[in-house]
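Take a look at the structure set out below.
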Amino acid sequence: MIKLNIKNKFLNIFCIFVYCLLMPGCNDINKPDIIIKDAHLYLPLKGAEMAAGYLRLENNQTKKIVISSIECRKIKASLHETIVDSEGVMKMKKLEMFVVDPGSHVNFMPGGKHVMFSGLKGFKESVLTCAFLSNTGVEFPFSFEVLTNER
C-alpha cells in the first residue's frame, strides 16, 4: 500500500507540472518585462529642425514604472504631450514623467504623447539608439527606425 501511495504522489506532481506547462502564462518565463514596439520617426522636412517619434511601451511587470526622461545618441530628445486647453487650443507640453501601470501600455502617437527630437539636420543613419530612464535609474534601451519624408 505504501508503494501505491508514493506512485500517486509522483503522478500528482507530474500532472501539476504538465498542467503548468500547458497553462497560458505558466511557461511564459522568457517574456520581457518591458517591450517597446514600433518605434519610428520621420526626418524633418528641409528647413525644419524638429521631428516627432512614436512607439508603444508595454509594462509586463507586476509593478508600475515611472519614466522620467529619454536619452538618445547624437540627438537631443525630450518627452512631450499634445493637450487641448480650456479654450480648445492645441498645445504641446513637456512631460516631466509618465507612469505605466503593471500589465498596461502607453501609446506614443500623433495628438498624444510623443518624443520630440532636435539636431537631426544631416542625420543619415537608419536607426537612432535611445533609452527611457526610470525614476529609479533603470534604463530601457531601444531603437527608433529613422524614416524619410521623401517619396
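Annotation for M109: atom CE does not count as buried by contact number, only 12 or fewer foreign heavy atoms lying within 6.0 Å. The environment of CZ in R73 is sparse: at most 12 heavy-atom neighbours from other residues, nucleotides or ligands sit within 6.0 Å.
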task: I would like to know whether F142 and F132 meet ring pair (Phe, Tyr, Trp, His ring centres under 6.0 Å); could you show each step before the answer?
output: CA-CA 8 Å; F142 66 100; F132 280 125; 5.0 Å; yes
message: Go through it in stages, so that I can follow the logic: the residues are F108 and F98, the test is ring pair (Phe, Tyr, Trp, His ring centres under 6.0 Å), and I'd like the CA-CA distance, side-chain angles, deciding distance and then a yes or no.
response: CA-CA 12 Å; F108 282 64; F98 68 93; 5.4 Å; yes
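Comment: K93 does not engage E81 in a salt bridge, judged by the lack of any side-chain N to carboxylate O separation of less than 4.0 angstrom. A salt bridge links D85 to K91: one of the charged nitrogens lies within less than 4.0 Å of a carboxylate oxygen. Between K94 and E96 there is no salt bridge, since no side-chain N of the basic residue sits under 4.0 Å from a carboxylate O of the acidic one.
Using a 4.5 Å heavy-atom threshold, the side chains of I35 and L57 count as separate. In this structure, V127 and V146 have side chains that are not in contact, with every pair of non-hydrogen atoms separated by 4.5 Å or more. Side-chain contact between I75 and F123: present, with at least one pair of heavy atoms (C-beta onward) separated by less than 4.5 Å. Proximity of L55 to D38: side-chain heavy atoms (C-beta onward) are nowhere separated by under 4.5 Å. In this structure, the side chains of L79 and I67 come closer than 4.5 Å at one or more pairs of heavy atoms. Two residues are said to be in side-chain contact when any heavy atoms from C-beta on lie closer than 4.5 Å; E125 and K74 meet this criterion.
Using modelled atom types, one side-chain atom of N59 and one backbone atom of V100 make a donor-acceptor pair closer than 3.5 Å. Side chain of S143 to main chain of T129: no donor-acceptor pair is present (N/O by atom type, distance under 3.5 Å, no hydrogens or angles).
Under the 30°/60° scheme for interplanar angles, the aromatic rings of H40 and Y54 are found to be tilted.
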